[in-house]
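Input: a single structure, listed below in structure tokens.
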Amino acid sequence: MQAIWTSMSGSVEAGLLYALMALGVYITFRILDFPDLTVDGSFTTGGAIAAVMINAGYSPWLATAAALAGGLVAGSLTGLLHAKGKINGLLSGILMMIALYSINLRILGRPNMSLLGMDTIFPPIERDRRWMLLIVIAVVIVIIKLLIDAFLKTDLGLALRATGDNAKMIGSFGANTDTTKIIGVSLSNGLVALSGAVIAMQQGFADISMGIGMIVIGLASVIIGEALFGAKTVFRATLAVVLGSIVYRIVVALALRVDWLESSDVKLITAIIVIIALVVPTASRSWTMKKQAYKRSRELAGSEAGR
Amino acid sequence: MLRLTNIYKLFNPGTVDEKTALAGINLQLNPGDFVTVIGSNGAGKSTLMNIISGAMRPDMGDVLIDNQNVTQMPEFKRSIFIGRVFQDPMAGTAPRMTIEENLAMAYKRGQGRGLRLGVTRRRREMFREQLARLGIGLENRLRAKVGLLSGGERQALSLLMATFTNPRILLLDEHTAALDPARADLITRLTETIVREQRLTTLMVTHNMEQAIRLGNRLIMMDKGRIILDIDPDKKKSLTVERLLGEFEQISGHKLSDDRIVLG
């Protein structure tokens, strides 16, 4: 029982920390309608910047802020490639992701860097008081979520949402859609890098490959969240993303308890979760529609015959 | 108010598909003018609208708004002056956002967009008043997603969004063409009222001959990238569909061919 509780609270904690990354993916994928693959690179950038700065003796808070800034820069470069360089969105992200791989290696100077025994933003805490930390993390994540909600209701935030919804329309009302795209992608990657930084501190190391597959995990969180908790309003949607991120971690933890699954199978499991979450709603909707159409046709045929 | 001087626009220049969309357009709109535009397929009506709005740049010639040369100004900057309603009712609104959010975006036309709340209580009251002018009950559905509205409702909202900030120029690009007759009639009536009440300088492309004659104080006819006829307010009052078609044939040397034409 104790083991299950520990693994559950571990999943919730990881889910909350990765939720920052998922919120970033939500901003590009859902709000801007821009599938941004920079994420795989910028997540590592965040982790790398934090690890290097902490090892160099800087305050962990400053290191976290620098990681956020690094993500903002990486994202704005992807945005520039797409908006000003007119490169296809998917390709802009892939190009940045590849470029960031080399940059991340430059930042780290080696494939991985330990943070064990260093001061991080997480205070050293005894095992049985871990739940207190969990509550603090949850509160902080909720505050960040509420800040994003508030931003999306400002004049600029509305223009950002309209850019993904109907770019022609918001352009005809005088918003520069190039600028809103760059701001959106930048903000998204800022959150992703922030997530990378806190994950590096929580797990005690940064690794050149820590970002691989992040975009799919982000998508999984967004899609699972929307499917389970709905996305009618922005408030609901961002809440769903945070909860989706937690559910994803729990699902993975449970899957790994199956004897014949290895921890290296996590990425395959993730891909399958995303595929199921994408296919099932569409398929069930089309099946319901067909059934409905058949029912209505029969009713119409019946009333014709009765005449 | 609006002046176009010697505007040329070619598509695919220098290729076998070269097409002259506009060939030396000269047009002046005075404040308060409501000009209807008719013409054959490919006469250049839509290109003309795009040149004025800034969606396209002319190859030659100048666009002046309020004596300011805006030829090289991109569309999003020019939108300070211009309100536009498109033919497609889906084009003028953001479907996944609410009615009040859409209005808030239109309210900030041409202004900087910062980190202030988009829908404030004061603005909401103003939006409610404005929506009530449409008379179709949208004022009670401020928080409904625009995607849930019918085509006619969306077009009425687009019209309001394009006009309630009093733009210098209103462009209507066949904005009733995609609607069923009853809805088209509603939008036409609303257009008439709004343009009259706010004295908007308006350019309206239409396929409906009767509408082109009945609305506005001036009518221009386009063919092969040129303005071939400009009917002034005095003559326009006594115009009929037959005379208009006759006049077109006489000047252009061919029948007005438009697969979507509506005589009235």
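This structure is a prediction, so every number in the text was calculated from the model and none was measured. Below, read A as the first sequence line, B as the second, and so on, with proteins coming before strands; counting in each chain starts at 1.
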Chain A: which of [options] shares the most heavy-atom pairs with it under 4.5 Å?
| options | result |
| --- | --- |
| B:Lys77, B:Gln111, B:Met161 | B:Met161 |
| B:Gly118, B:Ala162, B:Gly54, B:Pro167 | B:Gly118 |
| B:Thr93, B:Val119, B:Thr98 | B:Thr93 |

Any ion pair linking [Y] and [X] (charged N to carboxylate O, less than 4.0 Å)?
| X | Y | answer |
| --- | --- | --- |
| B:Lys45 | B:Glu174 | no |
| A:Lys153 | A:Asp149 | no |
| B:Asp88 | A:Lys168 | no |

### Message
Does either side chain, that of B:Gln198 or that of B:Thr163, offer a donor lying less than 3.5 Å from an acceptor on the other one?
### Response
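There is no such pair (donor and acceptor under 3.5 Å, judged by atom type) between the side chains of B:Gln198 and B:Thr163.
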
Heavy-atom distance under 4.5 Å to chain A: side chain of [X], backbone, both or neither?
| X | value |
| --- | --- |
| B:Ser53 | neither |
| B:Ile80 | neither |
| B:Arg84 | neither |
| B:Met90 | backbone |
| B:Phe86 | side chain |
| B:Lys108 | both |

Under the 3.5 angstrom rule, does the side chain of [X] hit a backbone N or O of [Y] as a donor-acceptor pair?
| X | Y | value |
| --- | --- | --- |
| A:Lys145 | A:Phe235 | yes |
| A:Asp40 | A:Ile215 | yes |
| B:Arg109 | A:Gly174 | no |

#### Entry: Heavy-atom pair count under 4.5 Å with chain B, highest-scoring of A:Asp165, A:Leu156, A:Ile170, A:Asn166
A:Asp165

### Task
Return the orientation label for the A:Tyr18 and A:Phe43 ring planes: parallel under 30°, perpendicular over 60°, tilted otherwise.
parallel

### Task
Select all residues of residues 125-151 of chain B having any heavy atom within less than 4.5 Å of some heavy atom of chain A, and report them by number, or 'none'.
B:Lys145

### Query
In Å and rounded to the nearest 0.5 Å, what is the CG to CD distance from B:Leu159 to B:Gln155?
7.5 Å

### Message
Does B:Tyr107, at its OH atom, have more than 12 non-hydrogen atoms belonging to other residues, nucleotides or ligands within less than 6.0 Å?
### Response
no

### Message
In the structure I gave you, are the side-chain heavy atoms of B:Lys9 and B:Asn50 within less than 4.5 Å of one another anywhere?
### Response
no

